[in-house]
Structures are given as structure tokens and as C-alpha cells.
Amino acid sequence: MPQASTSALVLSTTPLNEQDKLVCLLTSNQGLLKAVAPGAAKMKNRFGSLLELFTAGDFYYYWNEEKELATLSKGEIRQSFFAVVSMAENIFYFYLIAEIVLKFIPLNQCDDRMYKLLLAILRGRENKLAMDWLLLYFLVWFLRSEGLLFNPGRCSNCSTARMSRAWVRNDYRGLLCSNCKTSERLTLDREELAYIHWTARHHPQDSGLWAGRFLPASMIRLLVGKVEYHGEFALQSSRYLPEFR
Ligand SMILES: [Zn+2]
């Protein structure tokens, strides 16, 4: 079997049987990789803490074109984020981020944007940026990189650029101005629209600049709803977040 290696982040690790675990990795340049980690379910195993959630590492694996799953042979930790990720106030946010990426990103997608985005979010939290603002930044950029983000500067019906408040179409595909809205209930106000513009040219580490200008909870709920609508699934992790209680 051919051997390969990749830099990746661990998005999930689940028991496969008494001996082995199934690991889902977001690689730096080839999308998701699903692999069996042989012996990883045993108390003493060669992987140690390599397979903890959101560990960044170099992974070596064998693969066979006829099989969906690769086989991990070994790996080295580049950076562990587990201390930050596993904190009670963070863990469900990171579960949600992992769940969205796992459900949405196709296998073998050659794109490093999502990998870089997740590393930036993890480093932001390590630097004590607010978790809710980091999640909001992630959601905006996730939708943008999937080509699903609405244009925050134009009404999708009459094209006016003068929107101090926007109504989200019921199918989440575009915004409407106050003249074009009908029965839509979800809205974005002036500051929220400005934030979407702002993310296009700013790093997540600048997101502290927005604290106090609006509360991110309602926009988080709106964008999670949009991800679920386009993905045609219900996310399980969001219900544990304070924003959804
Ligand atoms: Zn309009």
C-alpha cells in the first residue's frame, strides 16, 4: 500500500471496535481524511495524545484506492490545543465547529482555507479572545468560503445599497431591504451588516474590536440556522451553547 503524510487537525476520534479508533482529520491541503488508528482504543498505544480533539500534527498513513478509510501508522504533535479546547466554557463551541466542518467539507477537497481558518480560531482562543466572537467569525468565513454568504451591501431584490437594516430571505439566499421585505422575520442591523464587511479584511485576532457594539448571540443563531438550511441537517452541538438556551 502507498504511504503518505499530511499536516492536519483532529476533528473527531471515535471507537471503531475494542482495539481501534476511527479518526477524522482536516488536512492542510486535501480536505477531510478518515483513517483507522490501529490499537488506539487500548490503554497503552503508540498515538498517545496525538488524537485529541483539534491537535495539530503531522500524520503518516497508508491508503488503498479501493478503501474509503486510510490506516494511520504514526504521527507527531505540532501543537496541542487540548487544554484550551477542553475547557468547560469552550468545549461545545469547538464541538460545533468540528461538527460543521465534518458535515460540510467533502473528502479530498484541495483547499487550505478551512485549515488556516481553524488554526486562527484556535490560536485566537489561546490568546483569550472571546469564544462567542470567534465562533461568529468562523461562521461568517465558513459561509463565505463555501460561496453561501449573502452580500451584506445589497438588497437581493431591488439591489439598493442603502440598507440600515436587512431581512434575511426565508430560504437564507440573500437579504432584503425594508421596501422589499414581506414575511421575513430574521434581521441583521447596521452594525451586524458592517461586521460581515469587516471580516473580509480582518484577522480573527482583531475581533475584540467589536465587543460592545452588538451582542453576537442573535447573529450566531441566524448563521447556524443558515448552515443547517444549506446543509439539510440539524447540528447536534449547538443546543449546548448559551446562545441557544
Ligand atoms: Zn430591496
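Counting starts at 1 for both ligands and their atoms, in listed order. As a basis for the values below, the full set of heavy atoms in this structure was taken, side chains included, without hydrogen atoms, waters or symmetry mates.
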- prompt: Just by distance, with hydrogens left out, do Ser207 and Gln205 show a side-chain donor and acceptor under 3.5 Å apart?
  reply: no
- line: So the salt bridge (Lys or Arg N to Asp or Glu O under 4.0 Å) pairs with at least one residue in residues 80-99 (sequence neighbours excluded) are Glu99-Lys103
query: Does any pair with a residue in residues 128-140 pass salt bridge (Lys or Arg N to Asp or Glu O under 4.0 Å), and if so which ones, sequence neighbours excluded?
result: none
statement: Within a strict 2.8 Å cut-off of the Zn ion (ligand 1), protein N/O/S atoms tallied 4
- line: Tyr172 meets the ring pair (Phe, Tyr, Trp, His ring centres under 6.0 Å) criterion, sequence neighbours left out, with Tyr229
field: Trp167 side, atom CH2; Cys155 side, atom SG - distance, nearest 0.5 Å
entry: 10.5 Å
task: Scan Trp141, Tyr137, Trp133 and name whichever one has a ring pair (Phe, Tyr, Trp, His ring centres under 6.0 Å) with Tyr195.
output: Trp133
